[in-house]
Amino acid sequence: MPYIPHTEDDVQAMLAAIGADSIEQLFDEIPAHLKAGHALDALPEGRGEMEVTRLMAERAEQDRFALSFIGGGAYAHHIPAAVWEIATRGEYYTAYTPYQAEASQGTLQVIYEYQTLIARLTGMDVSNASVYDGASGLAEAVLMSLRANRKSKSRKVLVPEALNPRYRSACEAIVRNQDVELVSVPFCNDAGQTLVDGLKEHEGQDFAALVISQPNYFGSLEDVDALTDWAHANGLLVIAVVNPTSLALLTPPGEWGAEGEGADIVVGEGQPLGIPLSSGGPYFGFMACTQKHVRQMPGRIIGRTIDLEGKQGFTLTLQAREQHIRRSKATSNICTNQGLAMTAATIYTSLLGPDGLASVAGHCHANTQKLADKLCALDGVERAFTAPVFHEVALTLPQDADSVLARLAEKDILGGLSLAKDFKMKNAILVNATEVHTEGDLDLFVAAMKEVLA
């Protein structure tokens, strides 16, 4: 059937039934200055199936294999074939949340299992059913911290400069018009970390929360215990932004702090858990919190219960979808979880198990250390910071970073990300290695870098 099946007569009949003169009248609450003011005349005419098939084949041929060492929030990992063979079966293959949730017991059970995995991985009490992506998840966490920290009246949150710039940008875009101020915390130029000393100027001031990124954008590992203790001692909640793969090796945010008091809210990007890098998507954000703050958490939460006949069942817990259509009175406008990506992540994590995930993380760390050592053996290449790293490392080069990366790309090697634009580090790059990189891959990269720098 046509995507839009209504004829012009159908449209007029529906308008007459509701007493409207035109479709435009239905949107009269939108301010005129926000409207485009023109029709979509620039759209091309439709094409036939054969022509579109030929066009798509030509576009696909433009994609070429390139050896990639780019990270920056999106990471290449080996995905067992079983993950998407299972995820794309008919009973799983849906990317949307069911509106009659309790009638979809299979879907709810998958989400419940996912929530259990995320809660265990992060060391937190409760997980929601996922959000759009890690960056928007951070924005939701910031807004949640304002509701949860009732003692704070400032609507201000401390955010480290070493946070992923994309996360910062997305968060700003979402919270700026809600009178929320994100106050920057500088990083140490030597260590590449956010130091407690950099927070001292904010002691005694009113902030709702402190964001801690582990690892941070430079791949550096933060002193999360010291930062967590500082935040709690000064009446701030802790929002942890974490890489899920790293949690197989690193202390989970639920145990941060000298006494293991832990973070209050945890968010991150779930793409490393079985989601391929496919031209910019899909992604999904995971979000967890302590039991104390669960009623302030956005999105869906699935719970397990027993019915009157003693049978196990799954249901929406604490909140129903209807709360999210209450506009400004709602906890959040988020009511959709990233169902398909979340399902794949559940299958991936279940297949690998704790030992498998730890093995992946260990190989990522080892390959990154090996790559950094090989590159730093070249003249003029050095580590930018002294802090330990997980599977990403910032390096300084003897030449302009953008130029070096462009010449590497000509050799079909994507040699990392330039730090020039976001951090004014003209000669610095961020490189990433995971378990998919072989010794030969590392040597090929090093040889190409040596040739480019000669």
Side-chain angles (χ1 to χ4, degrees), residues 1-53 55-56 59 93-101 103-104 107 128-144 146-147 155 166-182 278-285 298-300 316 319-341:
M1 61 180 291
Y3 184 69
I4 301 177
H6 305 115
T7 66
E8 185 59 33
D9 289 341
D10 292 335
V11 173
Q12 294 303 318
M14 288 187 286
L15 289 172
I18 63 176
D21 296 329
S22 65
I23 292 179
E24 288 71 24
Q25 187 178 343
L26 302 180
F27 302 97
D28 59 0
E29 64 181 17
I30 300 177
H33 69 278
L34 295 179
K35 296 182 180 179
H38 58 81
L40 300 178
D41 298 327
L43 289 178
E45 292 295 321
R47 300 188 183 187
E49 179 182 352
M50 184 172 66
E51 189 177 4
V52 169
T53 302
L55 175 63
M56 296 307 295
R59 295 283 174 85
Y93 198 23
T94 172
Y96 207 67
T97 301
Y99 281 114
Q100 291 180 313
S104 305
T107 299
N128 70 8
S130 79
V131 292
Y132 294 129
D133 56 22
S136 61
L138 175 59
E140 288 291 339
V142 166
L143 296 173
M144 177 180 167
L146 301 180
R147 300 189 298 269
R155 298 187 71 78
R166 309 290 87 75
Y167 280 46
R168 175 67 179 254
S169 177
C171 190
E172 283 271 13
I174 294 172
V175 307
R176 184 189 305 119
N177 292 328
Q178 300 187 55
D179 299 323
V180 179
E181 181 180 357
L182 304 182
S278 303
S279 302
Y283 294 98
F284 79 91
R300 291 185 161 208
L316 289 180
Q319 47 188 311
R321 175 185 176 272
E322 284 66 30
Q323 90 158 21
H324 304 294
I325 59 175
R326 298 177 63 230
R327 296 179 179 253
S328 61
K329 295 181 180 180
T331 299
S332 167
N333 293 125
I334 293 290
C335 65
T336 301
N337 69 292
Q338 296 292 67
L340 184 60

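As the structure is a computational prediction, the values presented were derived from the model and not from experiment.
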Problem - All side chain to side chain donor-acceptor pair (under 3.5 Å) counterparts of Glu181, not counting sequence neighbours - result: none

Problem - Heavy-atom donor-acceptor pair, Ser130 side chain to Gln338 backbone, under 3.5 Å - result: yes

Problem - Flag, side chain of Ser104 to backbone of Thr107, donor-acceptor distance under 3.5 Å - result: no

Problem - side-chain contact (heavy atoms from CB on, under 4.5 Å) between Thr7 and Val11, worked out - result: CA-CA 6 Å; Thr7 66; Val11 173; over 6 Å; no

Problem - Side chain to side chain, Arg300 and Asn128, heavy atoms closer than 4.5 Å - result: no

Exercise for the section: Mind checking the CG-CZ spacing from Leu182 to Arg168? Nearest 0.5 Å is all I need. Expected result: 5.0 Å

Practice task
Return each pair, listed once, that meets salt bridge (charged side-chain N to carboxylate O under 4.0 Å, His left out) where at least one residue sits in residues 43-53; pairs must be two or more places apart or across chains.
Solution key: Arg47-Glu51

Handout entry: side chain to side chain contact (heavy atoms under 4.5 Å, CB included) partners of Gln178, counting only residues at least two apart
Key = Leu143, Arg155, Ile174, Val180

Problem - Flag side-chain contact, heavy atom, 4.5 Å: Cys171 against Arg166 - result: no

Handout entry: Asn177 side, atom CG; Glu172 side, atom CD - distance, nearest 0.5 Å
Key = 10.5 Å

Can I get a per-line list of side-chain donor-acceptor pairs under 3.5 Å for residues 132-141, giving both atom names and the distance, sequence neighbours left out?
{"residue": "Asp133", "atom": "OD1", "partner": "Ala135", "partner atom": "N", "Å": "3.3"}
{"residue": "Asp133", "atom": "OD1", "partner": "Ser136", "partner atom": "N", "Å": "2.8"}
{"residue": "Asp133", "atom": "OD1", "partner": "Ser136", "partner atom": "OG", "Å": "2.7"}
{"residue": "Ser136", "atom": "OG", "partner": "Asp133", "partner atom": "N", "Å": "3.3"}
{"residue": "Ser136", "atom": "OG", "partner": "Asp133", "partner atom": "O", "Å": "3.3"}
{"residue": "Glu140", "atom": "OE1", "partner": "Ser332", "partner atom": "OG", "Å": "3.1"}
{"residue": "Glu140", "atom": "OE2", "partner": "Ser332", "partner atom": "OG", "Å": "3.3"}

What donor-acceptor contacts under 3.5 angstrom involve side-chain atoms of residues 20-28, with partners at least two apart or in another chain?
{"residue": "Ser22", "atom": "OG", "partner": "Gln25", "partner atom": "N", "Å": "3.3"}
{"residue": "Gln25", "atom": "OE1", "partner": "Asp21", "partner atom": "N", "Å": "2.9"}

Handout entry: All side chain to side chain donor-acceptor pair (under 3.5 Å) counterparts of Ser278, not counting sequence neighbours
Key = none

